[in-house]
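Treat the numbers as computed from the prediction; the structure is a model and nothing was measured. One is the number of the first residue; the rest follow in order along the sequence.
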Amino acid sequence: MAVLLAFISLLLVPLNPACFTDPAQEKVSPIINLKLGSRKKMLTWNSRRNVTWQECTIDAPLDPPISQTPQVAEDGTYFCTFSNSVLHRGATLTVNVTSEGHEFKATLTFCNSGREGSGAVNFSCLIYNVRFLNCSWAQGPAAPADVRYHLYMWASLHGNVSECAQYVLDPTGTRVGCHFDQLGEPQTTDNYFFLVNGTSNETDIQFLDFTPFVATEIEKYNPPANLTARNNGSYYVIQWDNPVTRFNISSHVLYYELDIQRKGSFSKTDPVFQRGENRNEYLMPSSAVTGVHTVRVRVRHVYGDTWSEWGPAQPFGFPEKSFTGFLVVLIGLVVGAAALSSIGLMFLCKRFSLKQKLFPPIPQVKRELAGSFTPTRESNLCSRSIHAAAHVRASLLFLAE
């Protein structure tokens, strides 16, 4: 009897519901409200019961799958951010969790809705003159004529999103670029995030997104300043200053190109490349510099591909001594001397002729004395001398030509 009463009392004791699991509940995934914010590439969801393990994954075309452990917001929402992935080609996102010993999986397939080829193409951005930013793109090949693109930018993962305020238009009035002149205070850790979407009355327009732009790598520097070239006797010492940049970067990430050419030469000298980790100095042996040379320099980020403009060319070296010029001067002197000689001979000959008129020869003078005053021989001598001088002068003039 006592045993029976104990058994009945056991049946009447309320059971702890935590000790039992509803079989139907075991099959229901704890993952709810799975959503993707395409602008910031943030996958979010909630869990309706405790989970012991979670993982989120994105699988996008042309990129390897990326997995990470979710984070929890203050309101209990779980989220994963895939800032280094692109979504405009479509993507598959999955969340895997373990809850109460069971594994669950939720999948979200993301598509870039809109006419294929309607989105912007050939997107690029450039920081210049320290504080300005220009971005440009081209109209998609299948975009309708009334397409209107919109560019959005934010400077950090959780920063405020702003739309371009100064669009650049092509001749047809289509937006193909944007100018920013308010970039805020620069930080070497700045990453710029961009998204271009569009609208049209004819069709939906596909959007275009990107991996983050590293701000320090998209700056187009100003040309290096204070380029000089001086001779220390053995070398021409070429020096320059680092460019003024938007960000406080190490000189080790700068990469220089020197263009050194000889004036008047048709052949081109190969450029000289130099890393910023070395001194901003290049030595050129004086013996290798014949004639006047020029040097100019430009710079880029060592991991970038955007060169600055060339700085002003700096001349150095001395003009070569011209053998042709020396020869012309020498010939001029010889021609002048020959001309003076001709004039002198002509003067002497005229003087001799005048003497013959004033003092004619005396008749019946002995032949041996009169022979020394015979005009024919003297006249012939003058004539030959004048002709010889003229011939020399003509020859020298021919050489000079």
Side-chain angles (χ1 to χ4, degrees), residues 17-113 119 123 125 152-162 184-197 206-218 247 303:
C19 296
F20 292 87
T21 301
D22 184 356
Q25 182 70 15
E26 290 182 1
K27 298 179 181 179
V28 176
S29 172
I31 304 169
I32 59 174
N33 302 327
L34 183 62
K35 296 181 291 186
L36 175 66
S38 59
R39 183 172 297 176
K40 291 195 173 182
K41 306 171 188 176
M42 182 179 291
L43 182 67
T44 61
W45 68 95
N46 298 104
S47 181
R48 53 187 164 189
R49 57 180 190 270
N50 292 334
V51 295
T52 56
W53 174 83
Q54 295 188 97
E55 183 184 66
C56 52
T57 303
I58 183 171
D59 188 0
L62 307 182
D63 295 323
I66 299 175
S67 299
Q68 57 182 262
T69 301
Q71 302 180 59
V72 184
E74 293 180 357
D75 62 357
T77 300
Y78 295 95
F79 66 92
C80 290
T81 303
F82 300 100
S83 58
N84 291 319
S85 300
V86 293
L87 299 176
H88 65 266
R89 292 188 292 263
T92 300
L93 300 102
T94 57
V95 175
N96 293 280
V97 303
T98 299
S99 176
E100 299 175 352
H102 297 276
E103 295 182 356
F104 298 91
K105 177 180 179 180
T107 301
L108 185 152
T109 301
F110 180 82
C111 298
N112 189 358
S113 61
F123 184 88
C125 288
Y152 299 92
M153 184 194 79
W154 55 104
S156 64
L157 184 59
H158 302 291
N160 295 326
V161 178
S162 60
E185 291 297 321
Q187 303 291 333
T188 54
T189 56
D190 282 353
N191 285 333
Y192 292 132
F193 299 80
F194 298 99
L195 183 140
V196 182
N197 61 18
Q206 292 184 324
F207 73 89
L208 181 65
D209 65 336
F210 318 91
T211 57
F213 284 62
V214 180
T216 56
E217 296 180 13
I218 63 171
F247 303 97
Y303 299 121

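- For the atom pair Leu93 CG and Leu36 CG, the distance stands at 5.5 Å (nearest 0.5 Å).
- Between Val196 and Phe207 the shortest side-chain heavy-atom distance does not fall below 4.5 Å.
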Pairs of donor and acceptor atoms involving the side chains of residues 75-86, under 3.5 Å and at least two apart or interchain, shall be tabulated with distances.
unit_1	atom_1	unit_2	atom_2	d
Asp75	OD1	Thr77	N	3.0
Asp75	OD1	Thr77	OG1	3.0
Asp75	OD2	Thr77	OG1	3.3
Thr77	OG1	Asn46	ND2	3.2

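- No cation-pi contact links Arg48 to Phe104, judged by a cut-off of 6.0 Å to the six-membered ring centre and 45° from its axis.
- The CG atom of Asn33 sits 10.5 Å away from atom OG of Ser47, with the distance rounded to the nearest 0.5 Å.
- Minimum heavy-atom separation, Trp45 to Cys56: CH2-CB, 4.2 Å.
- In this view, Ser67 and Glu55, Thr57 satisfy the side chain to side chain contact (heavy atoms under 4.5 Å, CB included) rule, not counting sequence neighbours.
- Atoms OG1 and NZ, from Thr98 and Lys105 in turn, are 13.0 Å apart once rounded to the nearest 0.5 Å.
- Across His88 and Asn112, no two heavy atoms sit closer than the pair O-ND2, 3.1 Å.
- For Tyr152 and Phe194, the ring centers sit 6.0 Å or farther from each other.
- When all heavy atoms of Arg89 and Leu62 are compared, the closest pair comes out as NE-CD1, 3.5 Å.
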Worked check of side-chain contact (heavy atoms from CB on, under 4.5 Å) between Asp209 and Lys41:
CA-CA 10 Å; Asp209 65 336; Lys41 306 171 188 176; 3.1 Å; yes
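- Counting heavy atoms from C-beta on, the side chains of Thr92 and Ile58 never come closer than 4.5 Å.
- Taking the six-membered ring where tryptophan is involved, the planes of Phe213 and Phe123 are perpendicular, since the angle between them exceeds 60° and thus also 30°.
- In this structure, CD in Gln71 is found 12.0 Å from CD in Gln54, a value given to the nearest 0.5 Å.
- Taken to the nearest 0.5 Å, the CD atom of Gln206 stands 12.0 Å off from the CG atom of Asn197.
- With sequence neighbours left out, the salt bridge (charged side-chain N to carboxylate O under 4.0 Å, His left out) criterion links Asp59 to no other residue.
- Separation of atoms CG (Asn96) and CD1 (Ile31) is listed at 7.0 Å; rounding is to 0.5 Å.
- Considering only heavy atoms from C-beta on, Pro30 comes within 4.5 Å of Val97 through its side chain.
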